Structures are given as C-alpha cells and as structure tokens.
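It should be emphasised that the depicted structure is a prediction, and the values quoted were computed from it without experimental measurement. Numbered from 1 within each chain, the chains take letters A, B, ... in sequence-line order. Below, all heavy atoms of this structure are taken into account, side chains as well, without hydrogens, waters or symmetry copies.
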Amino acid sequence: MDLYSTLSGTVEPLVTRHPDRVSLFVCGPTVYDYPHLGHARTYVVFDVLAKYIRWTGKEIFYLQNITDVDDKIINRAHEEGVSQSMLARKFEAEYIRDMRSLGIDAVNYYARATTHIPEIINQVDRLVARGVAYVTGSGVYFNVDMFGGNGELSGQDATKRVSLVTDTSKHHPLDFALWKLGEFGEYTWDSPWGRGRPGWHIEDTAISEKYFGQQYDIHGGGLDLIFPHHEAEIAQMESLEGKHPMVRYWVHTGFLTVKGEKMSKSLGNFITIRDVLRTWNKDVLRYFILLSHYRSPLEATKEGIANAGRALDHIRAVAKKDTGENQNARKAFTDAMESDLNTPMALAAIQALAASGDLSALKEFGEVLGINFLHETSATLSVLQDIRAELRAKKQFDVADMIRKRMIAAGITVTDLPL
RNA sequence: GCCAAUGUGGCGGAGUGGCUACGCGGCUGACUGCAGAUCAGCUACAACCCGGUUCGAAUCCGGGCAUUGGCUCCA
C-alpha cells in the first residue's frame with residue numbers, strides 16, 4: 001500500500017524491512033485523565049491501519065507505550081491525594097476501557113514506561129558513553145549540537161531555534177532531559193547518576209528498541225508530537241549506533257478540533273469518549289472519524305456525528321438482501337485503502353456494496369474498519385420479526401404495531417417492508 | 001519571528017490536467033394498512049486570492065492571504 005510519511009513529505013509505497021512482517025509503534029497517552037475524542041481519532045485510525053495490513057495477509061506487531069511517569073501525573077496525584085501509581089493505574093484502566101468500547105483491539109502490547117526503567121537507564125548510559133549526552137547537577141541531557149540530523153521531520157533546526165526556557169545548567173537551551181535527578185516520591189529510581197526519573201522522550205526509544213531494535217517500520221502519533229517529541233526520539237535512537245533512518249514511515253494524524261481549535265486537555269475544551277458513547281454507539285463514532293482522511297483536520301460537532309449516524313443507518317437499511325458479489329466495489333474499497341488509507345473513499349465503496357447487496361464483503365470490510373454495517377440479529381429478534389410478519393399478513397395490525405412500539409421503545413430499530 | 005498542516009457545493013468530504021466521487025440535507029415522484037424505511041429522479045453548476053505553464057487547471061509552478069497548530073505538556 002502507499003502511505004504518507006512526514007519524513008519524506010510524500011506518499012510512497014510501503015516497503016517494510018521484512019516483506020511479510022510489519023512493526024508499528026504508536027505513541028500512547030499520558031494517563032492522568034480520561035481520554036477524549038482527539039485520542040479516539042488517532043487510535044481508531046491506527047487500529048484501522050493495523051487491521052487493514054493484517055487483512056492483506058501480513059503479520060503486524062502493533063506496540064503502544066503508556067506514559068505513566070510524568071509531571072502531570074505527579075501533580076494530579078498530589079492534588080487528589082493519591083499515589084502516582086494509583087492514579088496512573090486508574091487512568092490506564094480507563095484508557096483501555098474506552099479503547100475497548102471503541103472496538104480498538106489491534107494493539108498487541110501496551111508497554112508502560114515504569115516497567116522499562118532498566119532499559120531506559122541502559123539507553124541513557126549508552127548515550128552518555130557515546131558523548132552525545134552529559135550530566136549536570138539537575139540531570140542527564142541530550143546535546144542537540146551533537147546530532148546532525150535534527151529537524152528532519154519538522155523542518156525546524158533545533159540548534160538554531162530560540163527557546164523560551166532558560167536553564168543555565170544546560171549547554172544549549174534546547175538540550176532535553178534524558179534523566180531528571182531528584183526525589184519525585186514513589187516514582188523515583190536509582191541510576192548511575194543518582195536518584196531520579198526518566199525524561200519524556202526516552203521511554204519510547206527504550207521500549208521500541210527493546211521490542212523492535214533500532215530500526216523499524218512505522219511510527220505513529222498525533223501531529224502535535226512531531227516537534228519536539230519525535231525529533232527527540234530520532235536524535236536519541238540514531239545517536240546510539242548511527243543507524244538511519246530509525247523509521248522510514250512517520251504517520252501523523254490530524255487534529256480533532258472544536259470550533260476550529262485543537263481539542264486538548266490543556267485547553268479544557270475536550271469531550272470524553274465515554275460522553276460521546278452515551279449518545280452514539282462506537283460504529284457511528286468510527287464511521288464519523290473515518291469519514292474524513294486521517295491527515296485532515298476533523299471538526300467535532302453534534303451535527304457531524306448525527307450525519308454519520310444517518311449515513312450508517314442508511315447503509316444498514318439498504319443492506320438487507322444478499323445478492324452476490326460486487327467485484328468493482330470490492331476493488332474500489334481495497335484501492336482506497338491502499339491509497340494512503342483513504343477511508344472516505346473506502347466508505348463510498350461500502351455504500352456501493354450495500355446498494356448492490358454484497359453482504360459478505362460488507363461483513364468482511366466492516367471488520368477491517370471495525371464497523372458493523374449489517375443489522376444485528378439475534379434469535380430472539382428474528383422470532384419477534386417472524387411473529388410480526390405473520391400478524392401483518394393476517395392484518396392484525398393492532399398487535400403487530402404494539403410489538404413494534406415496544407421494540408422501538410427498547411431501542412431496536414424496526415422498519416417494515418410494504419406488504 | 002521561525003516551522004508546519006489546512007483552505008472544494010447549504011453541510012461533511014474524495015479523486016483526477018479535460019470525461020462534473022460519495023454521503024447528509026433539500027425538492028419531486030413511486031411504493032406503502034399506518035410509522036418509518038426503500039426506490040427513481042432532481043438540486044447545488046463548487047474550488048482562498050493574484051500571476052504563470054497549457055489547446056485546457058480546482059488539479060502543475062511562483063507569489064500572497066486566511067485559519068489552526070508546533071516552537072512549554074499534548075494523540
């Protein structure tokens with residue numbers, strides 16, 4: 001398939017290091033609060049990417065980190081009077097719960113920062129030994145002047161930029177912390193440089209190196225991580241042994257916006273996933289997300305989600321009778337997915353499949369997208385439907401209508417065909 | 001200031017150098033025990049602006065503008 005990489009700035013054919021095995025690493029959340037719709041977008045997109053690649057017959061290992069040691073967690077735990085681990089475990093569980101309720105199940109392994117401290121320390125140690133990191137009284141820092149490749153992803157040269165932060169202990173204002181020295185309560189570990197905790201960027205490279213090595217195929221995350229986070233990751237990993245590129249395919253999802261502004265925890269304009277799922281089910285939400293291309297901005301509005309819900313209802317209403325394969329629409333679907341995961345086009349193909357009654361393709365592709373395009377049926381429901389059909393045939397409309405009324409009240413969509 | 005993403009019809013949203021995706025909404029008709037749904041058709045004659053290349057550009061090139069974001073934590 002073709003995939004856009006931020007590194008090259010173009011769509012290019014996906015050529016993985018092993019023809020039939022794909023390694024995918026996606027930056028997970030910092031677990032200090034409930035996940036919001038912006039997270040839903042990013043993780044639904046990568047869920048679909050992984051499912052699609054798997055569907056094409058390749059083996060994929062999808063690894064995601066969980067940032068469970070960080071300033072925000074420390075502060076929040078302090079505010080709420082709970083331990084850091086209690087807070088982190090709670091919101092990690094909430095995150096996993098929300099991901100499940102969105103039908104996200106393509107991740108093979110969630111790796112916590114705090115369970116990879118030895119790997120982190122080891123990596124920092126090697127960076128110090130290589131001479132690209134140095135130790136001060138406040139921590140271990142990566143020396144950005146020592147890394148030539150900086151700025152590849154973002155187009156920004158870190159050594160030439162102006163920083164708002166002034167920390168006189170650092171050689172260069174933009175040098176970033178690999179290890180922060182100090183006592184941070186529960187999450188403080190011994191290290192060769194003294195007690196402390198990891199910097200922000202190091203966990204990803206320590207984790208990805210452990211499971212994938214210094215080079216792997218796809219690294220994903222939100223657009224907001226390109227700088228400085230992903231640049232820092234490249235600097236760290238490629239400084240170990242000079243292997244380049246660390247990753248060839250950097251896939252970044254566009255922002256989810258609210259009234260034109262990026263949804264974020266810091267802005268406080270976020271809608272949690274569970275709030276949305278109170279009104280709409282995961283099929284509607286996924287349909288809404290996939291209705292726009294993953295790199296475009298996506299404006300979250302009630303109207304937009306409701307619109308997606310109507311479109312999905314329509315597909316289900318049309319897809320009632322199985323009338324065989326629609327090869328053209330099947331090809332259109334895979335062509336769209338092959339083309340930089342063009343889900344809006346893929347959904348157009350889904351509509352065509354529904355219209356032509358290719359139910360087996362709808363089921364199969366629905367699994368790739370994580371959306372159920374067919375009406376759910378159960379034994380109980382079909383018995384009720386049969387009874388109603390008989391009653392209507394006998395023109396006993398009062399009883400038939402009463403059953404329909406009750407079914408609708410119970411949240412079941414009932415649509416009769418003309419007699 | 002520097003860097004980046006985005007800019008298409010009432011709305012959402014694709015592709016493609018010329019042959020007008022698709023959906024939602026709206027309109028008309030058909031069908032229908034009733035709701036609803038479905039079916040057929042119509043609707044919008046759209047491309048941020050200014051230049052250029054071309055027989056032809058929304059699509060390629062140049063220059064602007066606007067919105068959002070990154071440069072501090074962020075999916």
Between B:C24, B:G13, B:G70, which one does the side chain of A:L298 approach most closely? B:G13
Watson-Crick or G-U counterpart of B:A66, or none if no pair lies under 3.5 Å: B:U6
Record whether the side chain of A:D401 comes under 3.5 Å of the base of B:G33 through a donor-acceptor pair of N or O atoms. yes
With rounding to the closest Å, how many angstrom separate the P atoms on B:A14 and B:U32? 41 Å
Less than 6.0 angstrom from the centroid, inside 45 degrees of the normal: does A:R316 satisfy that with respect to the ring of A:F373? no
What is the distance, to the nearest angstrom, from the CZ atom on A:R310 to the P atom on B:U38? 12 Å
Can you check the distance between B:C19 and B:A58, where both ends of the measurement are the P atom (answer in whole Å)? 11 Å
Qualifying residue for ring-ring contact (aromatic ring centres under 6.0 Å, His included) with A:H171, from A:F142, A:Y141, A:Y134: A:Y134
Interatomic distance at C1', B:U54 relative to B:U67, whole Å: 32 Å
Let me spell it out: for each of A:R388 and A:S292, pick the nucleotide of RNA chain B with the closest heavy atom. Which residue's pick is nearer the 5' end? A:S292
Should the side chain of A:R404 and the base of B:A35 be counted as holding a donor-acceptor pair, with the cut-off at 3.5 Å? yes
Mind calculating the distance between CG (A:L353) and P (B:C22) to the nearest angstrom? 15 Å
For a quick check, tell me whether the side chain of A:R392 and the base of B:G33 share a donor-acceptor pair closer than 3.5 Å. yes
Could you check whether atom CZ of A:R406 has more than 12 heavy atoms from other residues, nucleotides or ligands sitting under 6.0 Å from it? no
